[in-house]
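Working notes, beginning with the structure itself.
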Amino acid sequence: MALTTLNLKLVKPEITDKIDVSIANFAQNADKIDMATKQLQDKTTSLQSSLDKTKQDVTALQKSLDSTNKNVATNKSDIGSNTTKIAQNAQGIKQINQEIGKVKADITALNTRAGNLDTAIKANKTGIDELKTKITAIEARLTALETPPEGGK
C-alpha cells in the first residue's frame, strides 16, 4: 500500500510500484499541488487587498490624529489665554466691587447730608414763618400808631 504525505496527502511512490501506477500517482499529485497553489494564490490576493485597505485606513487615521493633535494644541493655547483673561477679569471685578463699595458709602454720606439739609431747611422755614408773624405784628402796630383817632389830626 502506498504512503501519503501528511498535509496534501500526495501519494508517495514505492519501489515496487509499476510505472503506470507511478505516472497515475504523479498526475494525481500534480492536480493536488495545482489546487493547493491556486488556493494560496487566492488567499495571497485577498490578503494583499486587505493589507492595501488597512494601509489606506491607517493613513486616514493618521491624518485624523494629526488634525486632532493640532486642535488639542490650539485648545490648550486657548485655554491658557482664557485662563489669563479670567484672572484679569477677576481682578477687574474686584476693583469694580471696591468702587461700588465707595459709591455706596458716598451715597450714604449724601443721604445723611440731604437729611441734615432738609432739617435745616425746615428749621429755616419755621424761622421765616416766625419772622413773618413778627413783621405782620410790627406792621399792625405801626399802622395803629400812624392812624389818627377819629375826629382829630
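For this chain, numbers begin at 1 and follow the sequence in order.
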- Message: side chain to side chain contact (heavy atoms under 4.5 Å, CB included) for Asn97 and Ile100? Distances and angles first, verdict last.
- Response: CA-CA 5 Å; Asn97 284 336; Ile100 288 172; 4.2 Å; yes
Distance-only, no hydrogens or angles: does the [X] side chain make a donor-acceptor pair with backbone N or O of [Y] under 3.5 Å?
{"X": "Ser46", "Y": "Asp42", "value": "no"}
{"X": "Thr5", "Y": "Leu10", "value": "yes"}
{"X": "Ser64", "Y": "Ala60", "value": "no"}
{"X": "Thr45", "Y": "Gln41", "value": "yes"}
{"X": "Asp31", "Y": "Gln28", "value": "no"}
{"X": "Thr108", "Y": "Lys104", "value": "yes"}

- Over all atoms of both residues, closest heavy-atom pair of Lys32 and Lys9: NZ-O, 2.6 Å
- Task: Compare every heavy atom of Asp17 with every heavy atom of Pro13, then report the nearest pair and how far apart it is.
- Result: CA-OD2, 3.5 Å
Between [atom1] on residue [X] and [atom2] on residue [Y], distance to nearest 0.5 Å:
{"X": "Glu139", "Y": "Thr143", "atom1": "CD", "atom2": "OG1", "answer": "7.0 Å"}
{"X": "Ile135", "Y": "Leu142", "atom1": "CD1", "atom2": "CG", "answer": "11.5 Å"}
{"X": "Asn124", "Y": "Thr119", "atom1": "CG", "atom2": "OG1", "answer": "11.0 Å"}
{"X": "Leu131", "Y": "Thr126", "atom1": "CG", "atom2": "OG1", "answer": "11.0 Å"}
{"X": "Asn89", "Y": "Thr84", "atom1": "CG", "atom2": "OG1", "answer": "11.0 Å"}
{"X": "Thr44", "Y": "Leu51", "atom1": "OG1", "atom2": "CG", "answer": "11.5 Å"}

- Item | Ile19 atom CD1, over 12 foreign heavy atoms within 6.0 Å | no
- Message: Side chains of Asp52 and Gln56: any donor to acceptor distance under 3.5 Å?
- Response: no
- Message: Asp34 vs Lys38, test: salt bridge (Lys or Arg N to Asp or Glu O under 4.0 Å). Steps then yes/no.
- Response: CA-CA 6 Å; Asp34 185 60; Lys38 175 65 173 148; over 6 Å; no
- Can you check salt bridge (Lys or Arg N to Asp or Glu O under 4.0 Å) on Lys125 and Asp129, steps first, answer last? CA-CA 6 Å; Lys125 186 176 177 188; Asp129 289 343; 5.5 Å; no
